[in-house]
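Every heavy atom of this structure was used, including side-chain atoms; hydrogens, water molecules and symmetry mates were not.
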Amino acid sequence: MIPLAKIALVDCNNFFCSCERVFNPALQGKPIVVLSNNDGCIISRSEEAKGLGIPMGAPLHEQQEVIRKNNVQVFSSNYTLYGDMSARVMSILREEVPAIEVYSIDESFLQLPHNFDEEMARALRSKVLQWTGIPVCIGIASTKLLAKLANRHAKKTKELTGGVFDLTNYWNPEAILADTPTGGLWGVGKNLAQRLEGMHITTALEFKYADPSAIRRSMGVVGERMLRELNGIGCLELEEVPPDRKGVMASRSFGSPMESLEELEEALANHVARAAEKVRRFGLLATGMEVFLRTNRFRKDQPQYSPSIGATLERPTHATAELMTTARTLLQRIYRPGYRYKKTGVQLTNLVSEEEYQPGLFDLLDPAIPGRIDVDKIVDEINRRLGDPKNPVITRASQGTDRRDNLGKAWKMRAERHSPHYTTDWNQLPEAKA
DNA sequence: TCTGGGGTCCTAGGACCC
DNA sequence: TCTGGGGTCCTAGGACCC
């Protein structure tokens, strides 16, 4: 029998709190918490803080009493520090295994050699702790979903297992599944847990033996994939190279709500600048943009309005001023007076690489007429250059859409099908025959 | 009164094409 | 002129993750 692939999930314990402790060892054994960006929520808790009943994600103001009474140390988050610590941990892991996927700032999946056992995992754990000061837990299984589950068990039974648990080597793995509520599975949130409960599925074990077609009907492909992963059939690959970024977002909540368009514009300008800078840093160009507004969702007594709107940009860009023009237009379209806005943000979407971007159809757009593309003109021009009226490259442009990328796709498809002259570079299209 | 930010993937439904 | 099946592509919004 071919042994199943072994996958480990390494997860740093209370990562942000652990980082703070590395730089201030006096905090060992004391209750501490780390706050979100605006110091609004508690996003990391030490074991001692968890013991005090402080929940994950709790608003700080709700916990002030407990914090004061128990002398809990409170930290604003310091992402530079955490990023740096994360890199150190990951580089140690990378040296020990054939392949690694860094899944988040404090977690990574490892591809393990077949002979990798719990002893080796413990040694790895010690090494990370000794070299970086960060304690981790390691779960081992045959699929990513099960590795997550094994890690959860390792964490829960840290005292007993030493923070390492190998599901593939456990005498009764189904007992662990039976002990895991569906909500504890990776990918099952509140909503899906409820839906599963409606099907009388409350544990990972019940999920494992559920009817696949029923799962498919009620949870779609996501559910079916989880079902397979639970049965040891790997559906989720190890992604060593992170896929290209799809979008970049910048948003913030306001300390106090804003009502006027001018205030919102100012806030948005900030976000556009930050997002554009990030895009430049990645060496990318944005071809689309989304802008959104949110009222305070916690104020049920106030009217709610959370619009969002998207647009395709005139041309791919990462220039702040250019982006701001579009952002302002979009904001004006969704802005309604009379609401108390609590948050706004911008997302730059459909990013393309600066290097790979070849100006093509975009050059045919008339910048004097924002948002307008003369489809017929482009079609005629392409056909004219190819010079065969009986067999035009494009017989009809896709109607009812002004999406440039769509047009580009239509062009490409047809060109491939019909033309020996196919090229993605507009400038290389042959001139029309005399 | 105070309650984060930045992501990904999937689906439903509309518009359009052949 | 009417009708249907089989597609693609897009947007908005839901759900989830860390």
Side-chain angles (χ1 to χ4, degrees), chain A residues 9 11-12 14-16 34-44 55-64 76-77 79 82 86 102-108 144-145 148 183 185-195 216-226 235-236 239 242-257 271 274-275 278 288 290 292 294 296-302 306-312 334 340 342-351 375 394-410 412-414 417:
Chain A
L9 178 74
D11 192 323
C12 303
N14 319 324
F15 183 54
F16 297 168
V34 174
L35 303 178
S36 62
N37 255 336
N38 285 351
D39 287 352
C41 293
I42 291 162
I43 55 169
S44 181
M56 178 64 178
L60 177 62
H61 67 89
E62 283 177 8
Q63 304 297 322
Q64 290 293 13
S76 291
S77 39
Y79 286 98
Y82 309 150
S86 172
V102 176
Y103 175 68
S104 75
I105 194 163
D106 71 335
E107 268 176 77
S108 60
K144 280 176 149 185
L145 184 71
K148 273 272 199 186
L185 287 169
W186 183 38
V188 179
K190 221 170 78 183
N191 222 280
L192 291 183
Q194 222 169 52
R195 200 171 301 179
R216 169 88 205 206
R217 263 198 310 280
S218 122
M219 299 173 69
V221 293
V222 183
E224 204 173 351
R225 224 161 21 212
M226 289 194 283
C235 299
L236 307 169
E239 291 173 15
D244 285 339
R245 201 55 88 121
K246 302 256 164 72
V248 160
M249 169 139 76
S251 70
R252 282 282 180 283
S253 297
F254 310 132
S256 55
H271 300 147
R274 272 194 300 134
K278 216 186 227 183
E290 269 180 54
F292 68 86
R294 301 263 181 279
N296 189 343
R297 64 196 167 97
F298 297 105
R299 295 293 300 266
K300 307 284 184 213
D301 56 320
Q302 290 179 357
S306 299
S308 72
I309 188 171
T312 301
I334 52 174
R340 296 162 62 79
K342 185 69 176 138
K343 183 176 182 176
T344 186
V346 64
Q347 184 160 22
L348 300 180
T349 59
N350 302 325
L351 304 178
V375 172
I394 300 181
T395 50
R396 186 162 23 153
S398 163
Q399 290 166 5
T401 169
D402 62 357
R403 299 283 305 182
R404 265 159 249 172
D405 51 354
N406 204 13
L407 181 62
K409 273 176 208 150
K412 187 172 175 242
M413 264 163 37
R414 283 175 198 284
R417 224 176 284 158

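Counting non-hydrogen atoms under 4.0 angstrom, A:Asp39 reaches nothing in the nucleic acid. Within the nucleic acid shown, A:Leu236 has no heavy atom closer than 4.0 Å to any nucleic acid atom. Nucleic acid contact class of A:Glu107 (heavy atoms, under 4.0 Å, all strands): sugar-phosphate only. Within the 4.0 angstrom heavy-atom criterion, only backbone atoms of the sugar-phosphate kind lie near A:Ala250; the bases stay farther away.
Each of A:Arg216 and A:Leu60 has a nearest nucleotide on DNA chain B; the 5'-most of these lies closest to A:Leu60. Looking at which nucleotide of DNA chain B each of A:Met249 and A:Asn296 is closest to, the 5′-most match is held by A:Asn296.
Between A:Lys300 and B:dT3 there is no side-chain N or O to OP1 or OP2 distance below 4.0 Å. Within the structure, a side-chain polar atom (N or O) of A:Lys246 is placed less than 4.0 Å from OP1 or OP2 of B:dC9. Checking the phosphate oxygens (OP1, OP2) of B:dG4, no side-chain nitrogen or oxygen of A:Ser251 falls inside 4.0 Å. For the pair A:Ser104 and C:dC17, the criterion of a side-chain N or O lying under 4.0 Å from OP1 or OP2 is not met. Distances shown here put a side-chain N or O of A:Arg274 below 4.0 Å from the OP1 or OP2 atom of B:dG6. For B:dT3, the OP1/OP2 oxygens have no side-chain nitrogen or oxygen of A:Lys343 closer than 4.0 Å. Using a 4.0 Å cut-off, some side-chain N or O of A:Lys342 falls inside it from OP1 or OP2 of B:dT3. Side-chain nitrogen and oxygen atoms of A:Arg245 include none within less than 4.0 Å of the OP1 or OP2 phosphate oxygen of B:dG6.
Of the inter-residue distances, the one linking A:Lys144 atom NZ with A:Leu9 atom CG reads 9.5 Å to the nearest 0.5 angstrom. Interatomic distance, A:Thr344 OG1 to A:Phe254 CZ, rounded to the nearest 0.5 Å: 5.5 Å.
For A:Phe292 and B:dG4, the CZ to P distance is 12 Å, given to the nearest whole Å. Counting to the nearest Å, the C1' atom of B:dG7 and the CH2 atom of A:Trp186 are 14 Å from each other. Between the P atom of B:dC2 and the CD atom of A:Glu62 lies a distance of 13 Å, rounded to the nearest Å. As a whole-Å value, the separation of A:Gln347 CD from B:dG5 C1' is 12 Å. For A:Glu239 and C:dC17, the CD to P distance is 17 Å, given to the nearest whole Å. Atom CE of A:Met56 is separated from atom C1' of B:dG4 by 10 Å (rounded to the nearest Å). Look at CD on A:Glu290: it is 15 Å from P on B:dG6, rounded to the nearest Å. Rounded to a whole Å, the CG atom of A:Leu185 is 17 Å from the C1' atom of C:dC18.
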Protein-nucleic acid N or O pairs under 3.5 Å, nucleotides 13-15 of chain C:
from   : atom 1 : to       : atom 2 : distance (Å)
C:dA15 : OP1    : A:Asn191 : OD1    : 3.3

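Each of A:Val34, A:Asp39, A:Asn38 was evaluated against A:Ser76; a single residue qualifies, A:Asp39, per the side-chain contact (heavy atoms from CB on, under 4.5 Å) test.
Annotation: side chain of A:Glu290 is not in contact with side chain of A:Val346 (no heavy-atom distance under 4.5 Å). Counting heavy atoms from C-beta on, the side chains of A:Leu145 and A:Met226 come closer than 4.5 Å. A:Asn37 places a side-chain heavy atom less than 4.5 Å from the side chain of A:Arg252. Counting only heavy atoms from C-beta outward, the side chains of A:Gln63 and A:Pro55 approach each other to under 4.5 Å. Within the 4.5 Å cutoff, no side-chain heavy atoms of A:Phe16 are placed close to those of A:Asp106. When side chains are defined from C-beta on, A:Pro59 does not count as touching A:Phe298, because their heavy atoms never get closer than 4.5 Å. Counting only heavy atoms from C-beta outward, the side chains of A:Leu351 and A:Val248 approach each other to under 4.5 Å.
Between A:Tyr103 and A:Trp186, the two ring planes are perpendicular [angle over 60°; tilted spans 30° to 60°].
In this structure, the nucleotide among C:dC18, B:dG5, B:dC2 sitting nearest to the side chain of A:His61 is B:dC2. Considering only side-chain atoms of A:Arg252, the nucleotide from B:dG5, B:dG4, B:dC2 that sits closest is B:dG5. Candidate nucleotides B:dT3, C:dC18, B:dG5 were compared by shortest atom distance to the side chain of A:Cys41, and B:dT3 ranks first. Minimum atom distance to the side chain of A:Arg225 is reached by B:dC9, of the listed B:dT3, B:dG4, B:dC9.
The separation of C:dT3 from B:dC17, taken at their C1' atoms, amounts to 16 Å, rounded to a whole angstrom. B:dC2 and C:dC18 have their C1' atoms separated by 24 Å, given to the nearest Å.
Between the side-chain ring of A:Tyr103 and the base of C:dC18, no stacking contact exists by the 5.5 Å and 30° definition.
Listed here is the closest heavy atom pair of A:Lys342 and A:Gly255: NZ-O, 3.2 Å.
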Item to check | Dot-bracket notation for DNA chain C, counting Watson-Crick and G-U pairs under 3.5 Å, with | for partners on another strand | outcome: ....||||||||||||||
